[in-house]
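Just so you know, ligand 1 is whichever comes first in the structure, and atom 1 is the first atom listed for that ligand.
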Amino acid sequence: MSDLQHINLSWDADLAIVTVDRQEKLNALNAEVFTELAEAFDSLRYDDQIRGVIVTGAGEKAFVAGADIGELAKMDAISGVQVSRTGQGVFRTIERFPKPVLAAVGGYALGGGCELALACHMRIAAENARFGLPEVGLGIIPGYGGTVRLARLVGLGRAVELALTGDMVDAEAALAMGLVTAVVPRAELMDRSKELLKKVTRNGPLAIRMVLESIYRGMDLPLQEGTAVESSLFGLLASTEDVKEGMTAFLEKRKPDFKGR
Ligand code: COA
């Protein structure tokens, strides 16, 4: 992995923390940030020591205040399609990441920042978090999957209103609409995020991976096909050492020691 300029990678036991760090631009996503985000996730994918990932923004003011408007201002029709596809590709990588990814959102999560949070599997907000899709105010639309993912997460009515008005909502409103699952004091954001993710990663890593696979593939499929995928993954897991260990540990009244095999 080349030297990262705008992404900080750190570790806490078996968790990796990916921090977007362009504080002078409120962590806005330019082309370099996307390249580095992709590199960071590639490096974590095959790292057996890492069981979960937290995505956050540097500083107190912003998670990510959107795509870099200075860059967007230069696009034409052809490069606009490419900009959108590149962002969508990186966010798809995050959404289909085989380990759980949690967005720890403090401050502004606007435009591409809101879309980044939406691509993560779980979202926790600090009390100062603000979410929104202000793109229409710039004459564009959300281009990194926001129109699709927001509607799936919070429902059509709220997503349409947010994307059409460009309004920002605060953390409590985001909680009420299911955009985040918890609101915590800013000072506790990282600890509470780690706590939740550690609770997840104590479970069987293969089971976690298959839950994500089943849920996210299922979202794209009719019920009948989604449940067929679920059965296949259920059967696949039955052949693993982890399943034997999980059940044996229950019967022996001890904690399981999952190996991810
Ligand atoms: N792209 C590029 N630069 C951005 C940015 C973005 N999305 N968001 C903030 N910045 C830059 C500002 O231009 C400013 O840079 P400067 O100091 O060189 O002038 C710096 O970050 C600080 O932002 P500022 O606007 O001064 O902070 P604020 O507290 O007054 O306002 C926001 C905060 C988030 C409300 C405001 O920055 C904003 O509206 N940002 C754009 C949000 C947006 O439309 N995102 C979607 C893009 S598609």
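The aromatic rings of Tyr216 and His121 are tilted relative to each other, their planes meeting at an angle between 30° and 60°.
In summary, of the residues considered (Glu32, Lys25, Arg22), a side chain to side chain donor-acceptor pair (under 3.5 Å) with His6 occurs for Glu32 alone. For the side chain to side chain contact (heavy atoms under 4.5 Å, CB included) with Phe131, the qualifying choice from Leu110, Val105, Val154, Asp167 is Val105, the only one to do so. Across Ile124, Asp191, Thr201, Ile54, a single residue satisfies side chain to side chain contact (heavy atoms under 4.5 Å, CB included) together with Leu196, and that is Ile124. Paired with Asp242 under the rule side chain to side chain contact (heavy atoms under 4.5 Å, CB included), one option of Leu237, Asn203, Asp257, Leu206 passes, and it is Leu206.
At a distance under 4.0 Å, a protein heavy atom can be found next to atom 33 (C) of ligand 1. Distances from atom 29 (O) of ligand 1 to the protein include at least one heavy-atom value under 4.0 Å. Inside a 4.0 Å radius of atom 47 (C) of ligand 1 there is at least one protein heavy atom. Protein heavy atoms are found inside the 4.0 Å sphere centred on atom 15 (O) of ligand 1.
Looking at ligand 1, you won't find any N or O of Asp68 less than 3.5 Å from one of its N or O atoms. For Lys25, a nitrogen or oxygen atom sits less than 3.5 Å from a nitrogen or oxygen atom of ligand 1, counting backbone and side chain alike.
When atom types are taken as modelled, the side chain of Thr227 and the backbone of Leu223 share a donor-acceptor pair closer than 3.5 angstrom. A distance-only check finds no donor-acceptor pair linking the side chain of Lys99 to the backbone of Val53 [under 3.5 Å].
For the pair Phe91/Leu118, no side-chain contact is recorded, criterion being any heavy-atom separation below 4.5 Å from C-beta on. A heavy-atom distance below 4.5 Å is found between the side chains of Phe41 and Phe97.
Of the heavy atoms in Lys61, only side-chain atoms (C-beta onward) come closer than 4.0 Å to ligand 1. Residue Ala28 touches ligand 1 through its side chain alone, judged by heavy-atom distances below 4.0 Å.
Annotation for ligand 1: atoms under 4.0 Å from non-hydrogen atoms of Ala67 are 1 (N), 6 (C), 7 (N), 47 (C). For ligand 1, the atoms lying closer than 4.0 Å to a non-hydrogen atom of Leu110 are 34 (C), 42 (C). Short contacts between ligand 1 and Glu135, defined as distances under 4.0 Å to a heavy atom of the residue, involve ligand atoms 48 (S).
The protein atom (non-hydrogen) at minimum distance from atom 40 (N) of ligand 1 is Ala65 O, 4.4 Å. Taking atom 2 (C) of ligand 1 as the reference point, the nearest protein heavy-atom neighbour is Ile69 N, 3.4 Å. Among all protein heavy atoms, the one lying closest to atom 17 (O) of ligand 1 is Glu24 O, 4.4 Å. Closest protein heavy atom to atom 24 (P) of ligand 1: Leu26 CD1, 4.5 Å. At the shortest separation from atom 44 (O) of ligand 1 among protein heavy atoms lies Pro134 CG, 3.5 Å.
Residue Glu24 qualifies as enclosed at atom CD: its count of foreign heavy atoms under 6.0 Å is above 12.
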